[in-house]
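Both ligands and their constituent atoms are indexed starting at 1 by order of listing.
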Amino acid sequence: MLADLHTHTWHSDGDLAPAALVDLACRRGVDLLAITDHDGTGALADPAVRDCRALRIVPGVEISTQWRGAGIHVVGLGIDPGQRTLADGLAAQRRAREARARTIAARLERLGARDALASAAAHAPRGYLGRPHFASVLVEQGVAKDRAQAFRKYLGAGKPGDVKTDFAALDEAVGWLSAAGGIAVLAHPAKYRFTRTRLRALVTAFVEAGGEAIEVISGHQTPDVTQQLARLCREFGLLASCGSDFHSESRAWAALGRHAPLPSGLTPVWQRLAAAHG
Ligand code: MN
Ligand code: MN
Ligand code: MN
(Lines give C-alpha, C1' and ligand atoms only; values in the text may rest on other atoms or scores of the structure.)
(Ligands and ions follow the chains in the order given, each with its own letter.)
Protein backbone atom coordinates (compact mmCIF):
# COMPACT_ATOMS: atom_id res chain seq x y z
CA MET A 1 0.00 0.00 0.00
CA LEU A 2 1.68 3.20 -1.16
CA ALA A 3 -0.10 6.25 0.23
CA ASP A 4 0.96 9.82 -0.45
CA LEU A 5 -1.35 11.94 1.67
CA HIS A 6 0.15 15.41 1.21
CA THR A 7 0.53 16.90 -2.28
CA HIS A 8 0.04 20.22 -4.06
CA THR A 9 -1.17 21.20 -7.53
CA TRP A 10 -1.05 24.51 -9.33
CA HIS A 11 -4.31 25.44 -7.56
CA SER A 12 -1.94 26.52 -4.77
CA ASP A 13 1.85 26.63 -5.07
CA GLY A 14 2.47 23.34 -6.89
CA ASP A 15 3.82 23.17 -10.44
CA LEU A 16 1.49 20.55 -11.87
CA ALA A 17 -2.07 20.58 -13.10
CA PRO A 18 -4.29 18.12 -11.22
CA ALA A 19 -4.28 15.75 -14.21
CA ALA A 20 -0.48 15.76 -14.35
CA LEU A 21 -0.25 15.12 -10.61
CA VAL A 22 -2.61 12.13 -10.89
CA ASP A 23 -0.60 10.82 -13.87
CA LEU A 24 2.67 11.09 -12.00
CA ALA A 25 1.16 9.37 -8.96
CA CYS A 26 0.04 6.47 -11.19
CA ARG A 27 3.50 6.16 -12.70
CA ARG A 28 5.02 6.10 -9.21
CA GLY A 29 2.69 3.29 -8.13
CA VAL A 30 0.76 5.37 -5.60
CA ASP A 31 -2.42 3.56 -4.50
CA LEU A 32 -3.90 6.32 -2.38
CA LEU A 33 -3.32 9.99 -3.16
CA ALA A 34 -4.49 12.96 -1.12
CA ILE A 35 -4.51 16.34 -2.86
CA THR A 36 -3.97 18.95 -0.16
CA ASP A 37 -3.59 22.41 -1.66
CA HIS A 38 -3.08 25.36 0.66
CA ASP A 39 -6.40 26.83 1.84
CA GLY A 40 -8.33 25.77 -1.25
CA THR A 41 -10.02 22.78 -2.82
CA GLY A 42 -10.15 23.87 -6.47
CA ALA A 43 -8.19 20.84 -7.68
CA LEU A 44 -10.83 18.48 -6.31
CA ALA A 45 -13.38 19.77 -8.83
CA ASP A 46 -11.07 19.05 -11.78
CA PRO A 47 -12.53 16.23 -13.95
CA ALA A 48 -9.15 14.43 -13.86
CA VAL A 49 -9.58 14.17 -10.09
CA ARG A 50 -13.34 13.78 -9.86
CA ASP A 51 -13.53 11.01 -12.44
CA CYS A 52 -10.22 9.34 -11.64
CA ARG A 53 -10.43 5.54 -11.67
CA ALA A 54 -6.71 4.72 -11.85
CA LEU A 55 -6.09 5.20 -8.13
CA ARG A 56 -7.98 6.28 -5.03
CA ILE A 57 -8.01 9.99 -4.35
CA VAL A 58 -8.64 11.38 -0.89
CA PRO A 59 -10.12 14.89 -0.93
CA GLY A 60 -7.90 17.07 1.21
CA VAL A 61 -6.64 20.54 2.04
CA GLU A 62 -3.74 22.09 3.98
CA ILE A 63 -4.77 24.96 6.24
CA SER A 64 -2.32 27.59 7.51
CA THR A 65 -3.03 28.34 11.16
CA GLN A 66 -1.60 30.29 14.07
CA TRP A 67 -0.69 28.84 17.43
CA ARG A 68 1.17 30.80 20.12
CA GLY A 69 2.76 33.07 17.54
CA ALA A 70 3.91 30.23 15.26
CA GLY A 71 2.59 29.26 11.83
CA ILE A 72 1.27 25.68 12.01
CA HIS A 73 -0.09 23.70 9.06
CA VAL A 74 -3.01 21.32 9.44
CA VAL A 75 -3.91 18.86 6.70
CA GLY A 76 -7.51 17.72 6.41
CA LEU A 77 -8.19 14.31 4.86
CA GLY A 78 -11.50 12.92 3.67
CA ILE A 79 -13.20 16.31 3.73
CA ASP A 80 -16.42 17.31 2.03
CA PRO A 81 -15.19 20.40 0.14
CA GLY A 82 -18.74 21.69 -0.26
CA GLN A 83 -19.46 21.76 3.47
CA ARG A 84 -20.36 25.32 4.42
CA THR A 85 -18.26 25.85 7.57
CA LEU A 86 -15.10 24.66 5.82
CA ALA A 87 -15.80 26.48 2.56
CA ASP A 88 -16.46 29.76 4.41
CA GLY A 89 -13.34 29.29 6.52
CA LEU A 90 -11.17 28.65 3.47
CA ALA A 91 -12.63 31.71 1.73
CA ALA A 92 -11.62 33.81 4.75
CA GLN A 93 -8.11 32.34 4.58
CA ARG A 94 -7.83 33.36 0.94
CA ARG A 95 -9.02 36.90 1.75
CA ALA A 96 -6.35 37.09 4.45
CA ARG A 97 -3.73 36.08 1.86
CA GLU A 98 -5.00 38.73 -0.54
CA ALA A 99 -4.80 41.40 2.16
CA ARG A 100 -1.24 40.30 2.87
CA ALA A 101 -0.33 40.49 -0.83
CA ARG A 102 -1.67 44.06 -0.98
CA THR A 103 0.46 45.03 2.03
CA ILE A 104 3.58 43.42 0.54
CA ALA A 105 2.95 45.20 -2.77
CA ALA A 106 2.55 48.61 -1.09
CA ARG A 107 5.78 48.13 0.85
CA LEU A 108 7.76 46.99 -2.20
CA GLU A 109 6.48 49.96 -4.16
CA ARG A 110 7.93 52.29 -1.54
CA LEU A 111 11.24 50.48 -2.15
CA GLY A 112 11.23 50.98 -5.91
CA ALA A 113 8.98 48.29 -7.40
CA ARG A 114 6.32 49.46 -9.85
CA ASP A 115 2.75 48.19 -9.97
CA ALA A 116 3.85 45.33 -7.73
CA LEU A 117 0.48 43.67 -7.11
CA ALA A 118 -0.57 43.42 -10.76
CA SER A 119 2.93 42.42 -11.82
CA ALA A 120 3.06 39.65 -9.22
CA ALA A 121 -0.43 38.50 -10.16
CA ALA A 122 0.77 38.06 -13.75
CA HIS A 123 3.13 35.36 -12.42
CA ALA A 124 0.31 33.61 -10.56
CA PRO A 125 -2.38 32.95 -13.16
CA ARG A 126 -4.51 30.90 -10.73
CA GLY A 127 -4.59 33.62 -8.11
CA TYR A 128 -2.43 32.02 -5.44
CA LEU A 129 -0.03 34.89 -4.75
CA GLY A 130 3.00 34.54 -2.54
CA ARG A 131 6.46 35.87 -1.92
CA PRO A 132 8.06 33.85 -4.77
CA HIS A 133 5.90 35.83 -7.22
CA PHE A 134 7.03 39.12 -5.71
CA ALA A 135 10.62 37.89 -5.99
CA SER A 136 10.08 37.44 -9.74
CA VAL A 137 8.82 41.03 -9.97
CA LEU A 138 11.80 42.44 -8.06
CA VAL A 139 14.19 40.60 -10.38
CA GLU A 140 12.45 41.48 -13.65
CA GLN A 141 12.21 45.16 -12.64
CA GLY A 142 15.88 45.21 -11.67
CA VAL A 143 15.16 46.06 -8.02
CA ALA A 144 17.03 42.89 -7.04
CA LYS A 145 19.72 41.23 -9.12
CA ASP A 146 18.46 37.68 -8.51
CA ARG A 147 15.89 35.78 -6.46
CA ALA A 148 18.34 35.09 -3.65
CA GLN A 149 18.96 38.81 -3.26
CA ALA A 150 15.24 39.55 -3.51
CA PHE A 151 14.66 37.34 -0.48
CA ARG A 152 17.78 38.51 1.37
CA LYS A 153 17.00 42.21 1.05
CA TYR A 154 13.24 42.46 0.63
CA LEU A 155 11.20 39.32 1.29
CA GLY A 156 13.03 37.16 3.83
CA ALA A 157 12.38 36.96 7.57
CA GLY A 158 12.37 40.40 9.17
CA LYS A 159 12.47 42.25 5.81
CA PRO A 160 9.75 44.63 4.57
CA GLY A 161 8.02 41.91 2.51
CA ASP A 162 7.82 39.57 5.47
CA VAL A 163 4.20 40.35 6.32
CA LYS A 164 2.21 38.21 8.72
CA THR A 165 -1.06 36.80 7.44
CA ASP A 166 -4.09 36.83 9.69
CA PHE A 167 -4.78 33.10 9.47
CA ALA A 168 -7.23 31.15 11.62
CA ALA A 169 -6.28 29.88 15.04
CA LEU A 170 -5.23 26.22 15.17
CA ASP A 171 -8.34 25.04 17.04
CA GLU A 172 -10.66 26.98 14.73
CA ALA A 173 -9.20 25.32 11.61
CA VAL A 174 -9.39 21.87 13.19
CA GLY A 175 -13.06 22.64 13.92
CA TRP A 176 -13.71 23.42 10.23
CA LEU A 177 -12.20 20.09 9.20
CA SER A 178 -14.27 18.17 11.73
CA ALA A 179 -17.42 19.97 10.54
CA ALA A 180 -16.60 18.85 7.00
CA GLY A 181 -16.25 15.21 8.06
CA GLY A 182 -12.48 15.25 7.71
CA ILE A 183 -9.63 13.96 9.80
CA ALA A 184 -7.29 16.72 11.00
CA VAL A 185 -3.62 15.82 10.60
CA LEU A 186 -0.79 17.86 12.12
CA ALA A 187 1.44 18.51 9.11
CA HIS A 188 5.25 18.05 9.10
CA PRO A 189 5.72 18.47 12.90
CA ALA A 190 9.52 18.52 12.61
CA LYS A 191 9.49 21.52 10.27
CA TYR A 192 8.55 23.94 13.05
CA ARG A 193 11.93 23.34 14.76
CA PHE A 194 10.26 23.35 18.17
CA THR A 195 11.88 22.07 21.35
CA ARG A 196 10.54 18.74 22.53
CA THR A 197 8.51 20.51 25.24
CA ARG A 198 6.96 22.97 22.82
CA LEU A 199 6.16 20.23 20.30
CA ARG A 200 4.36 18.25 23.02
CA ALA A 201 2.40 21.38 23.96
CA LEU A 202 1.43 21.78 20.30
CA VAL A 203 0.27 18.18 19.99
CA THR A 204 -1.67 18.52 23.24
CA ALA A 205 -3.47 21.64 21.93
CA PHE A 206 -4.07 19.93 18.59
CA VAL A 207 -5.64 16.87 20.23
CA GLU A 208 -7.78 19.06 22.51
CA ALA A 209 -9.08 20.83 19.42
CA GLY A 210 -10.09 17.50 17.86
CA GLY A 211 -6.97 16.61 15.86
CA GLU A 212 -6.60 12.88 15.29
CA ALA A 213 -3.42 12.25 13.31
CA ILE A 214 0.12 13.45 12.72
CA GLU A 215 2.45 13.15 9.78
CA VAL A 216 5.05 10.73 11.02
CA ILE A 217 6.68 10.80 7.58
CA SER A 218 6.97 14.05 5.57
CA GLY A 219 9.16 13.82 2.50
CA HIS A 220 12.77 12.88 3.13
CA GLN A 221 13.67 13.03 6.78
CA THR A 222 16.29 11.42 9.00
CA PRO A 223 15.51 8.15 10.86
CA ASP A 224 15.95 10.12 14.10
CA VAL A 225 13.09 12.42 13.24
CA THR A 226 10.93 9.48 12.18
CA GLN A 227 11.55 7.71 15.51
CA GLN A 228 10.79 10.85 17.50
CA LEU A 229 7.51 11.43 15.66
CA ALA A 230 6.53 7.75 15.91
CA ARG A 231 6.97 7.98 19.68
CA LEU A 232 4.86 11.10 19.83
CA CYS A 233 2.20 9.40 17.69
CA ARG A 234 2.05 6.37 20.00
CA GLU A 235 2.13 8.39 23.18
CA PHE A 236 -0.88 10.51 22.17
CA GLY A 237 -2.69 7.55 20.58
CA LEU A 238 -2.87 9.31 17.21
CA LEU A 239 -3.29 7.94 13.72
CA ALA A 240 -0.16 8.06 11.55
CA SER A 241 -0.04 9.79 8.19
CA CYS A 242 2.67 10.00 5.56
CA GLY A 243 3.18 12.16 2.51
CA SER A 244 5.75 13.75 0.28
CA ASP A 245 4.53 17.39 0.50
CA PHE A 246 5.11 17.28 -3.25
CA HIS A 247 5.16 20.67 -5.03
CA SER A 248 7.43 20.25 -8.02
CA GLU A 249 9.61 17.66 -9.69
CA SER A 250 12.58 19.93 -9.04
CA ARG A 251 12.34 19.36 -5.27
CA ALA A 252 14.16 16.05 -4.81
CA TRP A 253 13.54 16.03 -1.05
CA ALA A 254 9.79 15.94 -1.62
CA ALA A 255 9.40 13.53 -4.53
CA LEU A 256 5.89 12.23 -5.10
CA GLY A 257 5.40 8.75 -3.64
CA ARG A 258 9.08 8.35 -2.74
CA HIS A 259 8.90 8.88 1.04
CA ALA A 260 9.78 6.12 3.53
CA PRO A 261 7.02 3.76 4.72
CA LEU A 262 5.41 4.30 8.12
CA PRO A 263 7.22 2.58 10.99
CA SER A 264 5.46 -0.59 12.13
CA GLY A 265 3.21 -0.58 15.15
CA LEU A 266 1.37 2.62 14.21
CA THR A 267 -2.22 2.82 12.99
CA PRO A 268 -2.20 4.29 9.49
CA VAL A 269 -4.71 7.08 8.99
CA TRP A 270 -6.09 5.36 5.87
CA GLN A 271 -7.69 2.66 8.04
CA ARG A 272 -10.03 5.38 9.30
CA LEU A 273 -10.48 6.89 5.84
CA ALA A 274 -11.55 3.50 4.48
CA ALA A 275 -14.02 3.06 7.33
CA ALA A 276 -15.56 6.50 6.78
CA HIS A 277 -15.59 6.59 3.00
CA GLY A 278 -15.79 2.96 1.92
MN1 MN B 1 3.52 25.12 -0.34
MN1 MN C 1 3.01 22.91 4.97
MN1 MN D 1 2.26 21.24 1.97
Side-chain angles (χ1 to χ4, degrees), residues 3-18 20-21 24-25 30 33-44 57-67 70-77 79 90 93-94 96-97 100-101 104 120 123-136 147 151 155-157 162 164-165 167-168 170 173-174 176-177 182-194 199 202-203 206 211 213-221 225 229 241-259 269:
D4 192 331
L5 301 179
H6 188 149
T7 67
H8 297 273
T9 74
W10 68 20
H11 283 269
S12 62
D13 56 348
D15 273 359
L16 300 185
L21 179 77
L24 182 60
V30 173
L33 173 73
I35 300 179
T36 57
D37 277 311
H38 297 283
D39 300 307
T41 57
L44 306 178
I57 296 182
V58 177
V61 67
E62 180 176 18
I63 306 182
S64 297
T65 79
Q66 311 184 73
W67 178 78
I72 303 296
H73 288 183
V74 178
V75 161
L77 298 177
I79 54 164
L90 295 180
Q93 295 276 102
R94 290 193 295 273
R97 270 184 204 281
R100 169 184 184 250
I104 293 175
H123 290 278
R126 286 160 206 91
Y128 186 89
L129 251 189
R131 281 183 289 175
H133 304 112
F134 286 105
S136 304
R147 302 180 68 81
F151 273 92
L155 297 164
D162 174 24
K164 215 167 148 306
T165 315
F167 288 131
L170 175 75
V174 170
W176 299 342
L177 294 172
I183 296 175
V185 184
L186 183 62
H188 42 63
K191 256 199 191 167
Y192 310 121
R193 302 188 175 283
F194 283 179
L199 186 54
L202 170 62
V203 174
F206 177 71
I214 67 171
E215 282 181 354
V216 173
I217 302 282
S218 172
H220 285 291
Q221 62 188 31
V225 168
L229 295 176
S241 189
C242 58
S244 57
D245 205 357
F246 173 84
H247 285 71
S248 153
E249 295 199 74
S250 65
R251 296 189 190 182
W253 64 92
L256 190 70
R258 289 281 186 265
H259 50 280
V269 68

Item to check | Check against side chain to side chain donor-acceptor pair (under 3.5 Å), Tyr128 and Arg94 | outcome: CA-CA 8 Å; Tyr128 186 89; Arg94 290 193 295 273; over 6 Å; no
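Asp245 has its closest N, O or S atom to the Mn ion (ligand 3) at the position named OD1.
One finds an angle of 90° at the Mn ion (ligand 2) between OE2 on Glu62 and ND1 on His73, to the nearest 10 degrees. The angle that His247 NE2 and Asp13 OD2 make at the Mn ion (ligand 1), rounded to 10°, works out to 100°.
Using a 4.5 Å cut-off on side-chain heavy atoms (C-beta onward), Val30 and Leu33 make contact.
Between His6 and Asp245, the side chains place a donor N or O and an acceptor N or O closer than 3.5 Å (distance only, hydrogens not considered). His73 and Glu62 form a side-chain donor-acceptor contact under 3.5 Å, judged by distance and modelled atom types alone.
Here His38 meets the criterion, with an N, O or S atom under 2.8 Å of the Mn ion (ligand 1).
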